[in-house]
Amino acid sequence: MADPKGFMTTPRQDWPRRPVEERVGDWDEVYVPGALLPIISKQADRCMDCGVPFCHDACPLGNLIPEWNDLASREDWRAASDRLHATNNFPEFTGRLCPAPCEAGCVLAINQPAVTIKNVECAIADRAWEDGFTPPRPPDRLSGRTVAVIGSGPTGLAAAQQLTRAGHTVAVYEKDDRIGGLMRYGIPAFKMEKHHLERRIEQMRAEGTRFRTSTAVGRDVGAAELRSRYDAVVIATGATAWRELPVAGRELSGIQQAMEYLPLSNRVGEGDLEASPMSAAGKHVVIVGGGDTGADCLGTAVREGAASVTQLDIYARPGAARDEDAEPWPTYPKIYRLSAAHEEAGELETAPAADADARLFAASTLRFTGDADGHVRSLHLTEVDARRRPLPDTGRELPADLVLLALGFSGPDRGDGLIDQLGLGMEQRGTITRDAGFATNVPGVFAAGDAARGQSLIVWAIAEGRAVAAAVDGYLTGSSRLPAPISPYDRPMTV
């Protein structure tokens, strides 16, 4: 630790966001450009010599957080980048998109604001690109073995990069027309601009990874045929089977899944469309679901110029501080958090009837009603108790021209035929069955990421990609020196 008193003398300071009025007028990232590096060394100084760094356990990647905090505090950016990339293929992604369970596990967080671990990570990653510390790392020689990776989200990309660097010939198959999975078409640019994704893809191309876009395995190419052409296959398609809302009026037009809505706005940003056919412009929008996907819809609808936007969360509004009895340190607590999108909606007063920012808490949808043309016009809801039971005399009606369902995902979509063509075993909850070595019931076929784990965080996705790469490398060569940060059965810390 560079400053043994840093955590006592330096208050926490987060990466400042641009003014709301400015940032909702564009799709650029919400943070003030260039405002992180001037403050980050002092923030890294707050990392204390805690003896047992619980941040390591809170992060499934096993990031060496105290080490690169110390190096960042000394402004040794090359060494900090080396330590950061030793455990994480894509720190500029996690530094922007991860909800930072590492900060919940920070020892300083017992009685003070945690170290800004996520901001330090992002600063190191950005400085590494700026100073050229992330050159391509092609293998010295090829193994002669081939691997197909199906899916180009964070799990697929991490697995592909690790296997390519180990000397295997890797091809990534992606059903969409561009690489990136949900990072491309699910995550809005105001959370992560796409040039961060593009430069990693170019790095991987230079290392030897091959990419096959607009190719849905199971539909455009047979799954069994693909298996016969490669020595191993990694399924990393994600959990894209969205959950439904089976209430009266669901058949009305104007009620869309969040992942039908968000890709269109991203395609506008890519230049594919002049305007989204589902644009929220001038509409009363209601988002059903209180998670990150719902917040992404919220920020998108605000930028599209919605007349109003309200987000429904079935859970009660959490408190501002950790409940030490229910969620003791170092678990990740459910507390009231104000994302950039919620800050924007609150300041712009997009939902006058909301409890806070744009959210109605402890709210459950009862039914939808529409007009004579069959288009949704209102959403009827009720307040619920902790067991999600309706409370009497709490019914309300919200105007709704566009309803976005952000209720999460149950597992991989089976519509393309991949799972059935290979005859993969499935868990009751809808995910792919695998053993302790990430292997499915089909020899040579492995499953990783949300497709097998279920809906999770980006850090878990990258950790799965790195771990399945080690498993595949061992399968192909008899042993592996690749790191395996987690097993298929590891889970986040809970009470």
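- For the side-chain contact (heavy atoms from CB on, under 4.5 Å) with Val459, the qualifying choice from Pro60, Cys102, Pro99 is Pro60, the only one to do so.
- Using a distance-only test at 3.5 Å, with no hydrogens or angles considered, no donor-acceptor pair links the side chain of Arg127 to the main chain of Ser81.
- Ser265 contributes atom OG, which lies 8.0 Å from atom CZ of Phe190 (distance to the nearest 0.5 angstrom).
- Within the 4.5 Å cutoff, the side chain of Leu226 has heavy atoms near those of the Ile150 side chain.
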Residue pair Arg18, Asp26: steps toward the side-chain contact (heavy atoms from CB on, under 4.5 Å) verdict: CA-CA 11 Å; Arg18 294 187 289 141; Asp26 59 45; 2.8 Å; yes
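- A side-chain donor-acceptor contact under 3.5 Å links Glu304 to the backbone of Ala280.
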side-chain contact (heavy atoms from CB on, under 4.5 Å) between Thr169 and Arg210, worked out: CA-CA 8 Å; Thr169 300; Arg210 303 170 184 179; 3.7 Å; yes
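- A salt bridge links Arg250 with Glu244: the closest approach of a Lys/Arg side-chain nitrogen to an acidic carboxylate oxygen falls below 4.0 angstrom.
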Steps toward side-chain contact (heavy atoms from CB on, under 4.5 Å) verdict (Arg219, Gln421): CA-CA 10 Å; Arg219 185 174 64 243; Gln421 288 176 25; over 6 Å; no
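- One finds no salt bridge joining Arg96 and Glu92 here, because no Lys/Arg side-chain nitrogen approaches an Asp/Glu carboxylate oxygen to under 4.0 Å.
- Ion pair Asp177/Arg267 flagged as a salt bridge, since at least one NZ, NE, NH1 or NH2 atom sits closer than 4.0 Å to an Asp/Glu carboxylate oxygen.
- Distance alone, capped at 3.5 Å, is enough to place a donor-acceptor pair between the Thr440 side chain and the Val445 backbone.
- Two residues are said to be in side-chain contact when any heavy atoms from C-beta on lie closer than 4.5 Å; His342 and Gln311 meet this criterion.
- Here CG of Asn89 is found 8.5 Å from CG of Leu61. Values are rounded to the nearest 0.5 Å.
- For the 3.5 Å distance criterion, the side chains of Tyr230 and Arg145 fail to qualify, holding no donor opposite an acceptor.
- The CZ atom of Arg491 lies 8.0 Å from the OG atom of Ser456; values are rounded to the nearest 0.5 Å.
- Counting heavy atoms from C-beta on, the side chains of Arg243 and Gln455 come closer than 4.5 Å.
- A pairwise comparison of heavy atoms in Gly411 and Thr431 identifies CA-CG2, 4.4 Å as the closest pair.
- Within the 4.5 Å cutoff, the side chain of Thr433 has no heavy atoms near those of the Leu424 side chain.
- Not one N or O on the side chain of Asp70 forms a donor-acceptor pair closer than 3.5 Å with the backbone of Pro66.
- In summary, the side chains of Thr155 and Glu464 do not present any donor paired with an acceptor at a separation below 3.5 Å, with no hydrogens or angles considered.
- When all heavy atoms of Ala258 and Cys297 are compared, the closest pair comes out as CB-SG, 3.6 Å.
- Judged purely by distance below 3.5 Å, without hydrogens or angles, the side chains of Thr213 and Glu174 never pair a donor atom with an acceptor atom.
- For the pair Trp460 and Pro492, the tightest heavy-atom approach, listed with the atom from each and the gap, is CZ2-N, 3.4 Å.
- Rounding to the nearest 0.5 angstrom, the gap separating the NZ atom in Lys334 from the OH atom in Tyr332 is 9.5 Å.
- Looking only at distances, a side-chain donor or acceptor of Arg322 sits under 3.5 Å from a matching main-chain atom of Ala104.
- The backbone N or O of Gly299 sits less than 3.5 Å from a side-chain atom of Arg303, completing a donor-acceptor pair.
- The distance from atom CD1 of Ile117 to atom CD1 of Ile65, rounded to the nearest 0.5 Å, is 4.5 Å.
- Taking the charged nitrogens against the carboxylate oxygens, Asp82 and Arg78 have no contact shorter than 4.0 Å, which rules out a salt bridge.
- Two residues are said to be in side-chain contact when any heavy atoms from C-beta on lie closer than 4.5 Å; Leu405 and Trp242 fail this criterion.
- Using a 30° and 60° split on the angle between ring planes, Trp15 and Tyr31 fall in the parallel class, below 30°.
- Checked for salt-bridge contact, Arg184 and Glu198 meet the test: a charged N lies under 4.0 Å from a carboxylate O.
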Candidate pair Met183 and Arg200, rule side-chain contact (heavy atoms from CB on, under 4.5 Å), full reasoning: CA-CA 12 Å; Met183 292 187 296; Arg200 279 295 179 187; over 6 Å; no
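- Closest of all the heavy-atom pairs between Thr300 and Pro188 is OG1-CG, 3.8 Å.
- Side-chain atoms of Asn63 and Thr87 include a donor-acceptor pair closer than 3.5 Å.
- Judged by distance alone, with hydrogens and angles left aside, the side-chain atoms of Arg83 form no donor-acceptor pair with the main-chain N or O of Glu67 at under 3.5 Å.
- Side chain to side chain, Arg178 and Tyr185 meet the donor-acceptor criterion of an N or O pair below 3.5 Å.
- Residues Trp68 and Glu121 meet the side-chain proximity criterion, which asks for heavy atoms closer than 4.5 Å.
- Ion pairing between Arg199 and Asp126 holds under the 4.0 Å rule for side-chain N and carboxylate O.
- Taking all atoms of both residues into account, the shortest heavy-atom contact from Leu262 to Gly186 is CD1-O, 3.5 Å.
- Salt bridge Lys191/Asp296: present, at least one basic N to carboxylate O contact under 4.0 Å.
- Here CD of Glu103 is found 10.5 Å from CG of Leu108. Values are rounded to the nearest 0.5 Å.
- Contact between Phe438 and Val468 at its shortest, heavy atoms only, is CB-CG2, 3.7 Å.
- No more than 12 heavy atoms of other residues, nucleotides or ligands sit less than 6.0 Å from atom CZ of Arg481.
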